[in-house]
Student: 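The structure under discussion is supplied below as structure tokens; questions concerning it will follow.
Because the structure is a prediction, the values reported are computed rather than measured.
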Amino acid sequence: PSGSPEATVLASSAPALQAADQRPDIIVVMVDDLAFIEDQRILKRLPNIRKLFVEQGLRFERAFNEIPLSGPARANFFSGQESMNNGIVVNSSASFDLSQTIATALDDVGYQTMFLGRFMNDYDGATVPLGFDQAWIADGNDLKAPKFFENGQRKTFKGSFFDNLT
């Protein structure tokens, strides 16, 4: 969003990054309702994920959410604001302003953006959210017959969710 401090910072660095063609890839993995887990407990079994995301990635070790619900946590991440400022304090995102998010800021400076997974609570998936070029938004919790909205079109897969990951 033009005029916001975030967009100004991103936009001011965009020409230099584009000229050198060295903009970093940004991949965010967000997991709902997961307490702190010591790295070695799980990551020792996942050497590729440990190498790519932990050893070579950026880690937010002091990122906290003041409301332990998935909707407010997603709104906090997307907006960069605490719940009291973005207005999402329960698992309903009907009033969440999608026009000023990290996705719109990245899109404004030329990043190709994609969302895959569960978006905001109450989001129907019939349209691609602002700031994203593509979106695969989960519809429901049934992993045996997963349903997604692929760029606004409902898709149902045969088999389990994990059978369709290729």
Side-chain angles (χ1 to χ4, degrees), residues 1 6 10 23-37 39 41-43 45-54 56-61 63-83 86-166:
E6 300 82 13
L10 288 171
R23 291 190 302 177
D25 292 331
I26 300 171
I27 299 172
V28 175
V29 177
M30 184 180 291
V31 181
D32 283 350
D33 306 324
L34 183 64
F36 176 79
I37 296 177
D39 285 348
R41 184 171 149 205
I42 292 178
L43 292 175
R45 294 195 226 153
L46 306 167
N48 292 333
I49 290 175
R50 185 179 67 238
K51 180 179 178 185
L52 291 172
F53 288 97
V54 176
Q56 297 177 11
L58 177 64
R59 186 174 187 162
F60 298 95
E61 293 182 355
F64 301 97
N65 183 39
E66 77 275 22
I67 298 178
L69 297 171
S70 59
R74 290 184 196 125
N76 291 1
F77 173 77
F78 282 123
S79 69
Q81 299 176 336
E82 294 178 335
S83 297
N86 68 36
I88 306 301
V89 295
V90 297
N91 272 336
S92 174
S93 60
S95 64
F96 184 62
D97 180 8
L98 290 170
S99 69
Q100 294 189 7
T101 65
I102 190 171
T104 58
L106 290 170
D107 191 54
D108 286 349
V109 295
Y111 270 89
Q112 294 291 311
T113 56
M114 179 180 187
F115 184 87
L116 172 62
R118 183 166 309 284
F119 192 57
M120 300 296 295
N121 297 57
D122 304 330
Y123 195 80
D124 69 8
T127 59
V128 175
L130 289 174
F132 289 103
D133 299 305
Q134 299 178 48
W136 282 59
I137 297 176
D139 180 26
N141 294 316
D142 186 359
L143 294 179
K144 295 191 188 293
K147 298 172 197 70
F148 276 84
F149 283 94
E150 177 185 3
N151 298 323
Q153 301 295 315
R154 184 184 296 269
K155 304 282 183 173
T156 302
F157 295 96
K158 294 179 181 172
S160 78
F161 174 77
F162 301 102
D163 292 340
N164 291 287
L165 294 176
T166 57

Student: Taking side chain as C-beta onward, heavy atoms only, is Pro129 less than 4.5 Å from Tyr123?
Tutor: yes
Student: With a 4.5 Å cut-off on side-chain heavy atoms, are Phe132 and Met114 touching?
Tutor: no
Student: Using every non-hydrogen atom in the two residues, find where Asn151 and Val128 come nearest and quote the distance to one decimal.
Tutor: CA-CG2, 3.6 Å
Student: Please tell me if the side chains of Thr104 and Ser99 come closer than 4.5 Å, counting only heavy atoms from C-beta onward.
Tutor: no
Student: Could you check whether any side-chain N or O of Thr113 sits under 3.5 Å from a backbone N or O of Gly131, counting only pairs where one atom can act as donor and the other as acceptor?
Tutor: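 Judged by distance alone, yes, a pair lies under 3.5 Å.
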Student: Is any side-chain heavy atom of Lys155 closer than 4.5 Å to one of Phe149?
Tutor: no
Student: Taking only residues two or more places apart in sequence or in another chain, which ones pass salt bridge (Lys or Arg N to Asp or Glu O under 4.0 Å) with Glu82?
Tutor: none
Student: Between the main-chain N or O of Ile137 and the side-chain N or O of Arg118, is there a donor-acceptor pair closer than 3.5 Å?
Tutor: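 Side chain of Arg118 to backbone of Ile137, a donor-acceptor pair under 3.5 Å: no, none is there.
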Student: Report the distance from atom CD1 of Ile26 to atom CD1 of Ile102, rounding to the nearest 0.5 Å.
Tutor: 6.5 Å
Student: Starting at CD of Gln56, measure out to CZ of Arg50 and round the result to the nearest 0.5 Å.
Tutor: 11.5 Å
Student: For Asn86 and Asp97: C-alpha separation, side-chain torsions, deciding distance, then whether side chain to side chain contact (heavy atoms under 4.5 Å, CB included) applies.
Tutor: CA-CA 8 Å; Asn86 68 36; Asp97 180 8; over 6 Å; no
Student: So, taking the atom named CG in Leu130 and the one named OG1 in Thr127, what distance separates them when rounded to the nearest 0.5 Å?
Tutor: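 OG1 of Thr127 is found 8.0 Å from CG of Leu130.
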Student: Hey, what do you get for CG (Asp25) to CG (Leu52), rounding to the nearest 0.5 Å?
Tutor: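 These two atoms lie 11.0 Å from each other.
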Student: Hey, does Trp136 have a side-chain heavy atom less than 4.5 Å from the side chain of Phe119?
Tutor: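 No, their side chains stay 4.5 Å or more apart.
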Student: Kindly indicate whether a cation-pi arrangement holds for Arg154 with Phe148, taking the cut-offs as under 6.0 Å to the six-membered ring centre and within 45° of the axis.
Tutor: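 No - Arg154 does not lie over the ring of Phe148 by the 6.0 Å and 45° rule.
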Student: Taking atom types as modelled and ignoring hydrogens, do the side chains of Asp122 and Ser92 form a donor-acceptor contact shorter than 3.5 angstrom?
Tutor: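 Present: a donor and an acceptor within the cut-off.
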Student: Between the side chain of Asn76 and the main-chain N/O of Asn65, is any donor-acceptor distance below 3.5 Å?
Tutor: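 No: the side chain of Asn76 does not pair with the backbone of Asn65.
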Student: Is any side-chain heavy atom of Arg74 closer than 4.5 Å to a side-chain heavy atom of Ser93?
Tutor: no
Student: Return the OG to CG distance between Ser79 and Leu98, rounded to the nearest 0.5 Å.
Tutor: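 Those atoms lie 10.0 Å apart.
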Student: Under the 3.5 angstrom rule, does the side chain of Ser83 hit a backbone N or O of Val89 as a donor-acceptor pair?
Tutor: no
Student: Heavy atoms, side chains only, cut-off 4.5 Å: are Val90 and Pro72 in contact?
Tutor: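 Answer no - side chains too far apart.
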Student: Judged by atom type as modelled, is there a donor-acceptor pair below 3.5 Å linking the side chain of Asp139 to the main-chain atoms of Lys147?
Tutor: no
Student: State the CD1-CG distance between Ile27 and Leu58, to the nearest 0.5 angstrom.
Tutor: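 Between atom CD1 of Ile27 and atom CG of Leu58 there are 13.0 Å.
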Student: Who pairs with Lys51 by salt bridge (Lys or Arg N to Asp or Glu O under 4.0 Å), at least two apart in sequence or on another chain?
Tutor: none
Student: Report yes if some heavy atom in the side chain of Tyr111 is under 4.5 Å from a heavy atom in the side chain of Pro24; otherwise report no.
Tutor: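 Side-chain contact under 4.5 Å: yes.
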